[in-house]
Amino acid sequence: MKKLSKTIALILTIAALFALAACDNSSPATSSTEPDDVTVERIDYDRDGNTITLPDEINKIISIGPSNTEVLVALGYGDKIIATDAYSSNVPGIKEGISDFSMMANDGELIIEMDPDVIFVTGMSRAGGDDPYAVIAQAGICLIYMPSSVSIEGIKEDIRYMAAVLSVEETGEEIIANMEAEIERILEITSAASETKRVYFEIAAAPNMYSFGSGTFLHEMIEMLGGENIFGETISWASVSDEAILDADPEVILTTVNYIDNPIDEIKSRDGWNNVTAIANDAVYYISTDASNRPSHNIVIAMEQIARAIHPELFEG
């Protein structure tokens, strides 16, 4: 039950964050997740456009947001991470037994006592409008906001930015090059597809179903791979209905739901869904929750899973 509550809370937080990003361009703190005014070479700003001053050395890092944690580990800084958020606890490469904090609230005094050199914070932490980490910045600790990027290019720029902050630009470019090579490999395979398939991608199960439309990297990947997102005309993350899904009659159904025992069987057993083409053809697939909802280089894992689900015939053998 605890896992269910945490997962649903995270889904609603993500949805709120992207809705906020789509609707509010009034200030640097809540503007585009890929701000044009970030100057990586000088590191005068964080990825949200806020002015920062980097310390001379970075030996102690707090990472709030699992995508930040994954990138930091890939950049070779896993051993420098002294605390994370609770959702980062399963990221390989971080020390066991380190403290974890909530993304939406924190023990400011404890964090200040830990005396980190920098804190990388996901934009989800401000989805509710408040800044739970403001007191830490006021204490003189370098606070770097990394809003959740909504495109593949944005994710690359996040990696490039973090690499520049840590003065490991070459490592960052290697990560990006490997990411691009993997995307190219997958696209070369799917380029042989003879048809486009209608896809429904579920990130929260019935009765409160959630999916997404344009303005998300998952939508971008579906389109790149020869799929048609049935909610492609929707902007960002959204609650969806039975009727809309049945009317669209998806040929492929994907799910990242991990808080019920068997999400694929749950979808297949829904009343009135037996005539959906995807269910009739047994084309319902699970996609890694972590790889698909964390904007890091690991989205390529989800990308291949999505490609195999849409075009299984191209990956046989």
Side-chain angles (χ1 to χ4, degrees), residues 6 9-40 42-72 77 80-89 94 98-150 154 157-158 161-162 164-166 294-296:
K6 284 178 64 180
L10 180 60
I11 290 168
L12 294 177
T13 298
I14 292 171
L17 175 68
F18 283 111
L20 184 65
C23 298
D24 186 357
N25 294 312
S26 59
S27 69
T30 56
S31 62
S32 167
T33 60
E34 293 150 31
D36 292 332
D37 57 354
V38 170
T39 306
V40 170
R42 293 179 58 189
I43 319 297
D44 291 329
Y45 302 95
D46 65 12
R47 282 287 281 154
D48 205 16
N50 305 299
T51 302
I52 63 169
T53 301
L54 289 176
D56 293 333
E57 294 185 2
I58 298 177
N59 295 307
K60 295 192 295 183
I61 300 171
I62 292 179
S63 176
I64 304 299
S67 58
N68 294 335
T69 306
E70 289 182 349
V71 174
L72 288 168
Y77 272 73
K80 305 290 187 183
I81 298 174
I82 60 173
T84 67
D85 65 288
Y87 293 103
S88 290
S89 61
I94 61 173
I98 61 176
S99 299
D100 60 63
F101 298 99
S102 167
M103 289 196 297
M104 308 305 295
N106 65 78
D107 186 334
E109 289 186 6
L110 177 57
I111 291 177
I112 292 170
E113 286 177 7
M114 296 178 77
D115 193 27
D117 297 312
V118 296
I119 305 179
F120 290 93
V121 184
T122 174
M124 290 183 200
S125 297
R126 289 189 293 189
D130 297 324
D131 186 350
Y133 290 86
V135 64
I136 297 167
Q138 290 165 7
I141 295 171
C142 182
L143 188 64
I144 300 176
Y145 265 103
M146 302 288 297
S148 296
S149 286
V150 297
E157 289 307 310
D158 289 341
Y161 175 88
M162 294 177 76
V165 166
L166 300 170
R294 297 175 176 178
S296 79

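Everything numeric here is computed off the predicted structure, so don't read it as measured data.
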*asked:* Distance check, rounded to the nearest 0.5 Å: Leu54 atom CG versus Asp44 atom CG?
replied: 9.0 Å
*For the atom pair OG (Ser99) and CD1 (Ile81), what is the distance rounded to the nearest 0.5 Å?*
13.0 Å
*Assess the side chains of Ser296 and Ser67: does a donor N or O sit below 3.5 Å from an acceptor N or O?*
no
_Taking the side chain as everything from C-beta on, heavy atoms only, tell me whether Ile64 gets closer than 4.5 Å to Phe101._
yes
_Looking at every heavy atom in both Ser149 and Pro295, which two are closest together, and how far apart are they?_
O-CB, 3.8 Å
*Rounded to the nearest 0.5 Å, how far apart are CD1 of Ile144 and CG of Asp48?*
12.0 Å
*Drop me the distance from Ile82's CD1 to Ile62's CD1, to the nearest 0.5 angstrom.*
4.5 Å
_Is any side-chain heavy atom of Met146 closer than 4.5 Å to one of Thr122?_
no
*Answer yes if the side chains of Ser89 and Asp100 hold a donor-acceptor pair under 3.5 Å, and no otherwise.*
no
*What pair of heavy atoms forms the shortest contact from Ala164 to Ile43, and how long is it?*
CB-CD1, 3.7 Å
*Can you tell me how far the CD1 atom of Ile141 sits from the CD1 atom of Ile52, to the nearest 0.5 Å?*
14.0 Å
*Using the side chain to side chain contact (heavy atoms under 4.5 Å, CB included) rule, take Thr69 and Tyr87 through it: C-alpha gap first, then chi angles, then the decisive distance, then the call.*
CA-CA 10 Å; Thr69 306; Tyr87 293 103; over 6 Å; no
Under 3.5 Å, which donor-acceptor pairs link side chains of residues 112-121 to any protein atom two or more places apart or in another chain?
unit_1	atom_1	unit_2	atom_2	d
Asp117	OD2	Asn59	N	2.7
Asp117	OD2	Lys60	N	2.8

*Can you tell me if Asn68 uses its side chain to pair, donor with acceptor, with the backbone of Ser63 under 3.5 Å?*
no
*Is there side-chain contact between Pro147 and Arg47, with heavy atoms separated by less than 4.5 Å?*
yes
*To the nearest 0.5 angstrom, please state how far the CG atom of Asp46 sits from the CE atom of Met162.*
12.0 Å
